[in-house]
There are 2 protein chains.
Amino acid sequence: MVKRARLENILEDLDSTTKLEGLQSATVALRDLYQIHHIVYHWVDSAGDQYGCGTYSDAWRQRYLEQNYLRIDPVIQGCYQRFHPVDWKRLDWSSKAARAFLSEAIAYGVGNQGYSVPIRGPNGQFALFTSNHDCDDAYWNQFIETHGRDLILIGHYFNRKALEFEPVRQPEPAQSLSPREVDAMTLIALGYNRAQVANSLSISEHTLRVYIESARFKLGALNTTHAVARAMSRGLIVV
Amino acid sequence: MVKRARLENILEDLDSTTKLEGLQSATVALRDLYQIHHIVYHWVDSAGDQYGCGTYSDAWRQRYLEQNYLRIDPVIQGCYQRFHPVDWKRLDWSSKAARAFLSEAIAYGVGNQGYSVPIRGPNGQFALFTSNHDCDDAYWNQFIETHGRDLILIGHYFNRKALEFEPVRQPEPAQSLSPREVDAMTLIALGYNRAQVANSLSISEHTLRVYIESARFKLGALNTTHAVARAMSRGLIVV
DNA sequence: CCTGCCCTCACCATTTTTGGGGAGGGGAAA
DNA sequence: TTTCCCCTCCCCAAAAATGGTGAGGGCAGG
């Protein structure tokens with residue numbers, strides 16, 4: 001277990017980082033402090049934008065982006081479906097593409113062991129804080145046993161810091177929907193057509209349309225489906 | 001700062017909790033250890049189911065459910081839109097309903113100070129781990145300064161434990177979509193109509209329809225909007 | 001090698017949604 | 001008190017989505 005004082009130092013170091021590039025050096029510092037191979041922070045925006053920083057080689061970073069490995073990387077894919085931090089060993093490496101990806105990653109200097117902490121935002125934002133090392137299972141298990149909790153906390157602090165630098169990623173000031181609009185959009189999102197929804201809400205279909213159009217307008221949506229998507233990604237309705 | 005050994009004990013206590021009711025006693029134990037008023041774990045499913053445990057009075061719990069305060073509780077509303085743990089003081093209490101809610105809560109024995117840690121799952125699941133106390137601002141600020149990090153960690157462990165008891169809440173075995181289906185559904189979710197999407201993907205509108213129908217079938221959706229909603233809530237597409 | 005899944009293309013009739021107009025009553029905030 | 005937003009209701013024509021059926025080539029895993 002890293003001494004508590006040391007963890008404090010790391011967190012304070014993150015707190016004192018004042019520029020986005022600072023995260024890069026904080027990452028390097030973290031790696032040194034924990035004496036592991038790599039530390040990587042990866043962000044995927046709800047708009048599909050991505051941002052990352054870490055200690056992987058430029059070559060691998062570039063290769064990753066060029067090949068759009070985001071789509072097949074089992075770490076991303078697996079963590080996207082997962083609640084909790086996960087050891088790479090527990091991911092699904094069964095597909096041929098995944099194994100090829102791993103081989104290539106290792107060839108580019110990525111270690112064989114990893115521990116990734118998924119972090120989610122209110123609007124579908126997704127970040128991943130990964131610690132990577134090259135060692136045998138026993139050593140790694142011991143490392144995670146010892147440092148896993150620190151890594152979780154650091155991941156969250158890291159994410160918080162990254163967000164401060166990019167206010168763009170903050171949710172838009174939630175233009176809220178009226179209760180009726182929420183009702184309408186929720187039922188629409190559940191797959192009912194307007195006649196059914198109107199019936200279900202005991203209002204006329206015409207009235208229902210007003211709600212839908214109003215919601216569409218508020219959300220700046222091009223059509224009903226778009227409005228549902230936006231309402232969901234903003235957490236205005238839950239389906 | 002709570003001694004590290006003590007935090008360890010709490011987390012181990014959570015680890016050794018083997019029954020759902022056990023969480024209730026773990027909650028009480030946490031409260032005793034941290035000597036604060038209340039600790040509450042609250043869960044809202046993507047299906048709208050909710051589950052909670054904590055040290056609030058039965059009366060308040062019942063009242064809360066009866067009145068469906070989930071809809072107006074600024075803690076829920078605020079944290080749902082937020083990335084990071086938040087002090088209750090920083091929430092929006094400006095609406096009349098919110099202030100009335102707070103007064104009533106306090107009348108039911110809820111403390112005036114709170115710190116809530118939002119935790120999100122891959123399919124829109126949302127959990128909130130709240131620490132609540134009745135004290136002045138200075139004391140509370142000091143408490144959070146000291147224990148905030150522990151509370152974040154404990155919240156995550158608590159959530160992990162709660163999920164183990166309710167495998168129902170685990171994501172359904174993700175019936176995945178093919179790449180083209182993902183493309184199609186994503187563009188549809190962005191509000192484009194079929195002609196635009198087909199054009200955008202450089203395929204015929206007929207082919208596009210096959211993807212949409214296929215996705216709809218895989219997702220068990222009643223129509224395109226429903227399919228988009230399901231794909232989003234399962235994290236298959238990100239908009 | 002066979003099976004299953006993925007990608008691509010096509011038609012027709014029917015149902016559903018959309019766009020744009022107008023109108024009145026009620027409640028809460030400024 | 002006035003203003004703004006919310007809830008409710010109505011018509012019509014044009015545009016878009018849906019349901020059902022069919023077909024061929026390609027690639028990967030059992």
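Just so we're on the same page: letters track the sequence lines, and every chain starts at 1. Owing to the predicted nature of the structure, the values given are computational and were not obtained by experimental measurement.
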- Rounded distance in Å - OH (Tyr192(B)) to P (dA17(D)): 14 Å
- Query: How would you list, by chain and number, every residue that makes a salt bridge (charged side-chain N to carboxylate O under 4.0 Å, His left out) with Arg31(A), sequence neighbours excluded?
  - Reply: none
- With nearest nucleotides of DNA chain C determined for Glu205(A) and Tyr211(B) from heavy-atom distances, which residue corresponds to the more 5′ nucleotide? Tyr211(B)
- Hey, what's the ring geometry for Trp140(A) with Phe143(A), parallel, tilted or perpendicular (30° and 60° as the breaks)? parallel
- Query: Any side-chain N or O of Ser178(B) under 4.0 Å from OP1/OP2 of dC6(C)?
  - Reply: no
- Task: Check the distance between dT17(C)'s P and Leu208(A)'s CG and give it to me in whole angstrom.
- Result: 9 Å
- Go through dA17(D), dG19(D), dT17(C) for me and flag the one nearest to the Asn193(A) side chain. dT17(C)
- Task: Could you tell me whether the side chain of Arg82(A) and the main chain of Leu91(A) form a donor-acceptor pair under 3.5 Å?
- Result: no
- Could you check Tyr115(A) against Ile152(A) for side chain to side chain contact (heavy atoms under 4.5 Å, CB included), going step by step and ending with a plain yes or no? CA-CA 10 Å; Tyr115(A) 186 73; Ile152(A) 294 173; 4.3 Å; yes
- Query: What closest approach, in Å, do Phe126(B) and Pro118(B) show between heavy atoms, and which atom pair accounts for it?
  - Reply: CE1-CB, 3.8 Å
- Query: Which whole-number value in Å describes the distance from Ile188(A) CD1 to dT16(C) P?
  - Reply: 12 Å
- Item | Intermediate values then yes/no, ring pair (Phe, Tyr, Trp, His ring centres under 6.0 Å), Tyr139(B) and His133(B) | CA-CA 10 Å; Tyr139(B) 179 91; His133(B) 199 27; 5.8 Å; yes
- Message: Treating Thr55(A) as the side-chain partner and Ile39(A) as the backbone partner, does any N or O pair qualify as donor plus acceptor under 3.5 Å?
- Response: yes
- Please work out if Thr207(B) contacts a base, only the sugar-phosphate, or nothing of the nucleic acid, heavy-atom cut-off 4.0 Å. base
- Note on the structure: The residue among Asp137(A), Asp134(A), Asp136(A) that forms side-chain hydrogen bond (donor to acceptor under 3.5 Å, both in side chains) with Gln113(A) is Asp137(A)
- Message: Please report the distance, rounded to the nearest Å, between NE2 in His206(B) and C1' in dG19(D).
- Response: 15 Å
- Task: Report the distance from atom CG of Leu177(B) to atom P of dC5(C), rounded to the nearest whole Å.
- Result: 14 Å
- Message: Nearest whole Å is fine: how far is dA17(D) P from Asn223(B) CG?
- Response: 12 Å
- When rounded to whole Å, the CZ to P distance for the pair Arg180(B) and dG26(D) reads 17 Å
Protein N or O to nucleotides 20-27 of chain C N or O, pairs below 3.5 Å:
| unit_1 | atom_1 | unit_2 | atom_2 | d |
| --- | --- | --- | --- | --- |
| dG20(C) | O6 | Arg209(A) | NH2 | 3.3 |

- If only atom types and distance count, is the side chain of Asn132(B) paired as donor or acceptor with the main-chain N or O of Gly111(B) below 3.5 Å? yes
- Query: Within the structure shown, what part of the strands sits under 4.0 Å from Ser214(A) by heavy-atom distance: base, sugar-phosphate, or nothing?
  - Reply: nothing
- Item | Members of residues 195-203 of chain B that approach DNA chain D, where some heavy atom sits under 4.0 Å away | none
- Message: Rounding to an integer number of Å, can you tell me how far Lys218(B) NZ sits from dG4(C) P?
- Response: 15 Å
